[in-house]
Amino acid sequence: MAKTRKSAGDSRRGKASPARRPGHTRFVLACLLPALVLFAVFMVYPTVNVFRMSLYTWSGFSPDMKFVGLDNFRHLIDDDQFVRAFQNTVTLLVVVTVVTMGMGLFLAAIMTRQKLRSRNFLRFVLYIPNVLSVVVIAAVFSAIYDQNNGLLNSMLRLVSLDSWQQVWLGDQKVVLYSVGIAMVWQSLGYYMVLYMSSMSSIPEELYEASGLDGASASRQFFSITMPLIWQNLRTSLTFFIMSAVNLSFVLVRAMTGGGPDSSSEVLLSYMYKQAYTNSSYGYGMAIGVVIFAFSFLVSLLMSRATKREPLQF
């Protein structure tokens with residue numbers, strides 16, 4: 001037996017480890033080089049160029065560019081429409097994130113822990129919006145919110161709640177929340193399936209033992225489920241906030257165009273309007289820099305605020 005171990009040890013020592021093979025490093029670099037080049041061309045260079053262009057005034061078409069330093073950023077402070085777009089973005093991020101994450105966790109817990117006969121069908125129905133184009137979703141909700149023939153106002157008339165009828169995309173008080181509902185509908189199914197995958201990996205014995213101790217379903221959720229899927233929840237939360245910034249831009253452009261009277265304008269739609277509609281490319285890039293800094297700061301704060309020691313089972 002000892003001879004066998006010795007022979008095996010000699011054999012291992014005789015073979016060079018993969019990291020020490022001649023040419024291994026060059027092979028790894030050759031594999032990484034295309035990805036690094038693409039990353040530099042399509043990510044690093046455009047990002048640096050956005051920072052550079054934010055220091056100029058430029059229409060985007062003429063060859064005349066004027067260096068103005070930080071003047072574009074100073075103008076942002078006095079720009080009421082920018083401030084409003086920033087407030088709308090923060091409002092959408094907070095409301096949509098809380099609702100989507102909360103409902104996603106709740107539905108995932110119901111689907112995982114309860115023996116529902118139609119579980120697969122419900123999961124399929126809730127996941128469908130995620131595979132649809134965002135523009136299609138915008139068209140669907142524009143039809144639902146139609147003032148005269150829309151599904152929502154028609155249902156309110158049907159149940160004699162005429163006073164609740166609204167011009168859902170034309171009222172400054174409700175238009176932002178109307179867009180937010182479309183964002184929740186588009187994202188909910190994806191995060192529900194994501195959390196179901198995490199919850200299904202938790203050993204059943206933990207729930208059985210806590211049930212014998214008299215723990216209720218809600219106590220099991222907060223004491224077993226949430227701590228054991230926390231790392232997944234933390235990652236998905238940061239990912240969702242960043243993706244919600246982009247999603248809000250597409251839905252706002254397709255459903256309201258930022259109106260009425262800029263009441264549904266968000267940061268990305270305002271940047272697009274300044275850079276490509278008003279021919280204020282440098283000013284638009286200054287807004288882009290603010291969005292970059294805001295996204296980075298939110299990601300950092302979320303990472304710090306949700307940091308916990310990982311639990312294993």
Side-chain angles (χ1 to χ4, degrees), residues 43-98 169-180 182-183 237-306:
M43 292 295 294
V44 176
Y45 175 72
T47 303
V48 172
N49 203 35
V50 166
F51 277 80
R52 185 178 71 87
M53 293 306 301
S54 67
L55 305 177
Y56 289 83
T57 55
W58 184 42
S59 66
F61 300 101
S62 71
D64 300 327
M65 297 172 59
K66 182 182 178 183
F67 181 79
V68 294
L70 299 177
D71 282 356
N72 286 330
F73 296 96
R74 294 191 187 96
H75 292 159
L76 284 177
I77 299 173
D78 300 324
D79 188 343
D80 292 337
Q81 289 194 17
F82 168 77
V83 174
R84 191 172 190 180
F86 187 84
Q87 291 173 340
N88 289 342
T89 302
V90 173
T91 302
L92 273 180
L93 286 181
V94 173
V95 173
V96 173
T97 300
V98 170
L169 298 179
D171 189 333
Q172 296 187 22
K173 295 180 180 177
V174 299
V175 62
L176 194 63
Y177 300 101
S178 300
V179 175
M183 292 176 65
L237 183 60
T238 304
F239 176 75
F240 176 76
I241 291 175
M242 295 302 99
S243 62
V245 174
N246 297 322
L247 180 62
S248 65
F249 164 66
V250 182
L251 285 175
V252 164
R253 287 290 300 174
M255 293 175 69
T256 68
D261 194 23
S262 302
S263 55
S264 63
E265 200 82 79
V266 292
L267 281 177
L268 275 177
S269 64
Y270 189 58
M271 184 199 79
Y272 180 87
K273 186 177 292 183
Q274 290 295 329
Y276 301 105
T277 304
N278 295 345
S279 298
S280 301
Y281 196 81
Y283 191 61
M285 294 305 100
I287 300 172
V289 171
V290 173
I291 295 172
F292 179 88
F294 173 71
S295 302
F296 180 80
L297 182 62
V298 169
S299 299
L300 183 63
L301 290 176
M302 290 304 303
S303 178
R304 292 290 180 88
T306 58

Next item on the list: Assess whether side-chain contact (heavy atoms from CB on, under 4.5 Å) is satisfied between I77 and F82, documenting all intermediate values.
Entry: CA-CA 8 Å; I77 299 173; F82 168 77; over 6 Å; no
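- In this structure, T91 and Y177 approach most closely via the heavy-atom pair CG2-OH, 4.3 Å.
- Of all the heavy atoms in S299 and M242, the pair that sits closest is OG-SD, 3.5 Å.
- The shortest side-chain heavy-atom distance between T57 and F67 does not fall under the 4.5 Å cut-off.
- Between F239 atom CZ and M302 atom CE the span is 14.5 Å, to the nearest 0.5 Å.
- When V90, T89, V245 are each tested for a side chain to side chain contact (heavy atoms under 4.5 Å, CB included) with L267, only one passes: T89.
- Considering all non-hydrogen atoms of both residues, G288 and M271 come closest at CA-SD, 3.6 Å.
- Below 30°, between 30° and 60°, or above 60°: for F292 and F51 the angle between ring planes is above 60°, a perpendicular geometry.
- Counting only heavy atoms from C-beta outward, the side chains of F294 and L93 approach each other to under 4.5 Å.
- Side chains of N88 and L92 form no contact here, defined as non-hydrogen atoms less than 4.5 Å apart.
- Atoms CH2 and OG, on W58 and S279 in that order, are 10.5 Å from each other to the nearest 0.5 Å.
- When all heavy atoms of G258 and V252 are compared, the pair lying nearest together is N-CG1, 3.6 Å.
- A search for salt bridge (charged side-chain N to carboxylate O under 4.0 Å, His left out) contacts involving D79 returns nothing, not counting sequence neighbours.
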Margin query: side-chain contact (heavy atoms from CB on, under 4.5 Å) for Y270 and I287? Distances and angles first, verdict last.
Written below: CA-CA 8 Å; Y270 189 58; I287 300 172; 3.6 Å; yes
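- Annotation: salt bridge (charged side-chain N to carboxylate O under 4.0 Å, His left out) contacts of R74 (sequence neighbours excluded): D71.
- Among pairs with a residue in residues 266-291, those fulfilling salt bridge (charged side-chain N to carboxylate O under 4.0 Å, His left out) read E265-K273, at least two apart in sequence or across chains.
- Residues L55 and F73 form a side-chain contact, since some pair of their non-hydrogen atoms from C-beta on lies under 4.5 Å apart.
- Of all heavy-atom pairs spanning R84 and D261, the tightest one is NH1-O, 3.2 Å.
- Here the shortest heavy-atom pairing between S264 and L176 reads CA-CD1, 4.2 Å.
- Taken to the nearest 0.5 Å, the OG atom of S262 stands 9.0 Å off from the CD atom of Q172.
- Classification of the F249-Y272 ring pair by plane angle, with boundaries at 30° and 60°, yields tilted.
- The shortest side-chain heavy-atom distance between L268 and S248 does not fall under the 4.5 Å cut-off.
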Next item on the list: Test N49 against M285 for side-chain contact (heavy atoms from CB on, under 4.5 Å), laying out the working first.
Entry: CA-CA 9 Å; N49 203 35; M285 294 305 100; over 6 Å; no
